[in-house]
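Okay, structure first, notes after.
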Amino acid sequence: MKITQLSPDDEVGCAEAVAVDSAGWKLDCPEFVQHTPRTFANMLRYGWDLEPAQAYLAREGDTPVGVLTVNVPQYENTNQTWLDVKVHPDHRGRGIGSTLIEYGEQVTRDLGRTTTGLGGLDLPKAEAFAQRHRYEQKAVEVNRRQDLAGLDWGLVQRMYDESLAAASAYELVKLTGPLPEELLEDMVAVTESINDAPKDDLDLEDDVYSPERLRAYEEAQAKSERTVYRVIARRKDTGDLAGHTVIAVERERPYIGEQHDTAVSRDHRGHRLGALLKSGMLLWLRAAEPALTQIDTWNAESNNHMIGINEALNYHIVARILNYQKNL
């Protein structure tokens with residue numbers, strides 16, 4: 001078996017990696033949103049905010065059999081990597097996954113890093129794989145999907161009206177594209193509010209934001225062919241920014257949206273701003289993105305407050321992911 005690093009310019013290699021990845025998801029979790037060759041290549045070029053992942057393709061002869069993705073944080077947790085291992089269902093049970101995870105651990109060491117993480121579906125075989133390689137479970141993350149076709153829009157409007165009344169001291173600002181320069185500094189603190197979300201037992205530092213990182217996120221999303229929609233809550237009397245919600249819509253597949261963030265600053269909680277932001281966003285997207293049919297979100301299983309809002313808005317569980325870490 002030969003393992004080679006993929007370039008985003010390698011169209012054949014990226015397509016082969018996606019074929020392996022998709023075959024695994026179709027067997028293990030068919031509802032999961034899968035990469036296209038274009039989204040996979042963009043992940044390798046730009047990442048989330050210009051910290052792109054590394055990907056490696058395992059072949060036996062001319063046959064692609066496995067994919068390893070190594071995420072290398074650059075802004076915080078710079079002692080860590082996060083690994084993702086996929087083996088084509090036709091080639092499982094032959095040690096390919098073990099070879100790939102050991103390869104990923106060596107990449108981690110070569111980068112001078114000492115800790116690595118691994119995510120896996122809540123399936124017995126995935127849990128056994130993590131335990132066999134001495135990974136310790138630290139958290140549970142849940143992927144939920146909102147079905148817009150089956151959404152009760154009357155409920156959304158009522159949530160918006162009721163939360164707007166509770167948050168009468170605030171107004172909503174709707175933005176697409178880059179943040180205006182005059183909001184950039186204040187949005188750093190709002191974005192950092194995501195650090196209040198549960199981390200469970202994961203050994204993770206708080207996310208560190210700056211104007212430069214927010215601009216890097218905007219650039220990466222735009223170059224990855226996603227339209228970013230932001231709704232920001234702003235206090236009317238002081239102009240203080242209190243919270244935001246962000247959804248990105250793919251241009252290649254405009255029926256797919258992804259919730260990137262929802263956070264309310266501590267000083268402004270207790271006014272139903274979370275419900276106001278999410279319902280306001282939905283009403284906006286209904287008009288702005290008529291092809292949109294689904295929005296995926298990720299939350300720690302212990303994040304009861306946000307999960308409660310999501311369940312009221314017709315989200316259902318797609319996948320339950322167990323997060324593991326290992327000190328090398």
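Worth knowing before you read on, the calculation uses all heavy atoms, side chains too, and leaves out hydrogens, waters and symmetry mates.
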Could you check K223 against E218 for salt bridge (Lys or Arg N to Asp or Glu O under 4.0 Å), going step by step and ending with a plain yes or no? CA-CA 9 Å; K223 288 182 174 178; E218 293 171 345; over 6 Å; no
Indicate yes or no: does [X] engage [Y] in a salt bridge with an N to O separation below 4.0 Å.
| X | Y | result |
| --- | --- | --- |
| D201 | K138 | no |
| E250 | R253 | yes |
| R235 | D240 | no |
| K326 | E136 | no |
| K2 | E60 | no |
| R213 | D207 | no |
| D147 | R145 | no |
| E127 | K125 | no |
| R215 | E181 | yes |
| E51 | R45 | no |

Check: [Y] and [X] side chains under 4.5 Å, non-hydrogen atoms:
| X | Y | result |
| --- | --- | --- |
| L202 | Q325 | yes |
| P211 | V188 | yes |
| V249 | Y229 | yes |
| V142 | I321 | no |
| Q294 | L148 | no |
| Y56 | T4 | no |

Those residues at least two apart in sequence (or on a different chain) that pass salt bridge (Lys or Arg N to Asp or Glu O under 4.0 Å) with E225 are R38
Judged by modelled atom types alone, do [X] and [Y] share a side-chain donor-acceptor pair under 3.5 Å?
| X | Y | answer |
| --- | --- | --- |
| S98 | H133 | yes |
| Q34 | K26 | no |
| E252 | T36 | yes |

Tell me, with the steps shown, if R234 and E171 meet salt bridge (Lys or Arg N to Asp or Glu O under 4.0 Å). CA-CA 5 Å; R234 179 168 62 190; E171 61 184 354; 3.0 Å; yes
Do Y170 and H268 have their ring centres less than 6.0 Å from each other? yes
Run the salt bridge (Lys or Arg N to Asp or Glu O under 4.0 Å) test on D196 and R266 for me, step by step, so that the C-alpha distance in whole Å, both residues' side-chain angles and the decisive distance to 0.1 Å come before the verdict. CA-CA 9 Å; D196 290 339; R266 276 182 222 174; 2.7 Å; yes
